[in-house]
Amino acid sequence: KAGVTQTPRYLIKTRGQQVTLSCSPISGHRSVSWYQQTPGQGLQFLFEYFSETQRNKGNFPGRFSGRQFSNSRSEMNVSTLELGDSALYLCASSPGTGVYGYTFGSGTRLTVV
Amino acid sequence: AQTVTQSQPEMSVQEAETVTLSCTYDTSENNYYLFWYKQPPSRQMILVIRQEAYKQQNATENRFSVNFQKAAKSFSLKISDSQLGDTAMYFCAFISQGGSEKLVFGKGTKLTVNP
């Protein structure tokens with residue numbers, strides 16, 4: 001059974017650009033969540049999608065957005081990149097609720113220069 | 001709002017010995033779940049163990065066990081017979097039942113297992 005797949009693994013972008021990250025959940029999982037991991041702030045929740053609907057959103061500016069497709073694959077977009085957006089972005093999936101534990105991908109390492 | 005605190009930024013242990021990682025949390029809720037996740041250098045977060053708050057019995061998964069003290073809001077992880085492959089960052093996490101589907105993480109403990 002394939003795990004959670006995130007692409008790309010690494011990304012370097014210039015300040016002011018926009019970026020799109022992709023996440024394919026485990027087959028059959030309908031919930032996808034995104035987290036930002038930085039050395040200073042740790043792991044912070046960005047948003048969670050279930051059946052193409054955003055159910056929950058963290059405290060991030062509107063530059064951070066996401067969506068989920070009918071096949072449960074998810075993308076997150078960051079517009080007008082800032083140096084502080086450099087981070088590891090982790091995607092996690094669950095069948096429908098995270099109370100049984102999310103399965104995480106290996107993340108996308110975004111560097112903004 | 002819930003918070004999770006891991007007071008040990010770094011720990012080390014000798015191979016085959018036992019180590020305990022600490023975690024405390026704060027919540028006003030009665031029904032919730034707690035987890036320990038492991039993040040090795042490969043970056044992928046791996047679920048180590050899960051505890052349901054309404055169960056008094058401490059969870060155990062092979063060499064990993066927890067000491068869950070609900071009244072004290074404490075959730076420590078004990079690793080027995082430590083192995084080199086246990087070297088990783090360990091994160092304690094909290095999620096509400098029927099709530100926001102949001103995991104709240106502690107800052108993590110970097111565990112090094114020495115040969």
Side-chain angles (χ1 to χ4, degrees), chain A residues 2-10 23 25-26 29-51 53-60 66 68 74 87-110, chain B residues 1-10 23 25 27 29-55 59 61 64 66 68 75 77 88-110:
Chain A
V4 177
T5 303
Q6 290 189 247
T7 56
R9 288 265 295 174
Y10 299 91
C23 172
I26 288 175
H29 283 193
R30 296 169 66 189
S31 169
V32 174
S33 297
W34 290 87
Y35 290 81
Q36 181 195 64
Q37 186 176 19
T38 60
Q41 298 298 317
L43 284 144
Q44 294 186 287
F45 172 77
L46 281 155
F47 26 65
E48 186 254 351
Y49 288 86
F50 179 82
S51 292
T53 300
Q54 185 182 88
R55 286 198 296 195
N56 300 285
K57 189 177 190 303
N59 296 323
F60 278 81
Q68 186 181 34
S74 177
L88 179 66
Y89 290 88
L90 292 165
C91 168
S93 75
S94 79
T97 173
V99 300
Y100 297 102
Y102 281 104
T103 302
F104 282 80
S106 296
T108 294
R109 171 78 67 188
L110 172 65
Chain B
Q2 294 88 8
T3 58
V4 176
T5 303
Q6 294 179 247
S7 58
Q8 306 149 315
E10 292 192 43
C23 172
Y25 59 94
T27 182
E29 299 181 19
N30 196 46
N31 295 321
Y32 50 87
Y33 299 80
L34 295 162
F35 307 91
W36 279 97
Y37 278 92
K38 166 186 176 181
Q39 187 179 40
S42 64
R43 307 181 331 198
Q44 184 177 14
M45 300 279 280
I46 301 165
L47 178 62
V48 174
I49 200 163
R50 168 182 174 267
Q51 176 76 43
E52 299 161 344
Y54 59 87
K55 284 190 176 179
E61 287 289 342
F64 299 87
V66 298
F68 173 50
F75 182 61
L77 174 71
M89 283 291 293
Y90 286 81
F91 293 93
C92 178
F94 170 105
I95 193 168
S96 302
Q97 178 178 334
S100 68
E101 294 299 323
K102 161 188 163 183
L103 277 167
V104 177
F105 286 92
K107 294 290 190 185
T109 296
K110 183 178 180 181

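For chain B, the option among A:K57, A:Q6, A:Q37 with the highest count of heavy-atom pairs below 4.5 Å is A:Q37. Contact count versus chain A (heavy atoms, under 4.5 Å) is highest, among B:R43, B:M45, B:Q44, B:R50, for B:R43.
In this structure, chain A has no heavy atom under 4.5 Å from any part of B:Y32. With a threshold of 4.5 angstrom between heavy atoms, A:F50 does not approach chain B through any atom at all. Contacts of B:L47 with chain A are made by side-chain atoms alone, with heavy-atom separations under 4.5 Å and no backbone atom involved. Neither the backbone nor the side chain of A:Q44 comes within contact range of chain B, judged by heavy atoms closer than 4.5 Å. For A:Y102, the parts lying near chain B are the backbone and the side chain together; criterion is any non-hydrogen pair under 4.5 Å. For B:Q39, the part sitting under 4.5 Å from any heavy atom of chain A is the side chain, from C-beta outward, and nothing else. Looking at A:T38, neither its backbone nor its side chain comes within 4.5 Å of chain B, counting heavy atoms on both sides.
Atom CZ of B:F64 sits in a crowded spot, with more than 12 heavy atoms from other residues, nucleotides or ligands closer than 6.0 Å.
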Practice item. Assess whether side-chain hydrogen bond (donor to acceptor under 3.5 Å, both in side chains) is satisfied between A:T97 and B:E101, documenting all intermediate values. Key: CA-CA 7 Å; A:T97 173; B:E101 294 299 323; 2.9 Å; yes

Exercise for review: Could you please spell out the steps behind the side chain to side chain contact (heavy atoms under 4.5 Å, CB included) verdict for A:F45 and B:L103?
Suggested key: CA-CA 7 Å; A:F45 172 77; B:L103 277 167; over 6 Å; no

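Side chain of B:K107 to main chain of A:Q41: a donor-acceptor pair is present (N/O by atom type, distance under 3.5 Å, no hydrogens or angles).
When all heavy atoms are compared, the tightest approach of B:F35 to A:V99 is CZ-O, 3.4 Å.
Note on ring orientation: taking the six-membered ring where Trp is involved, the planes of A:F104 and B:F105 are perpendicular (angle over 60°, cut-offs 30° and 60°).
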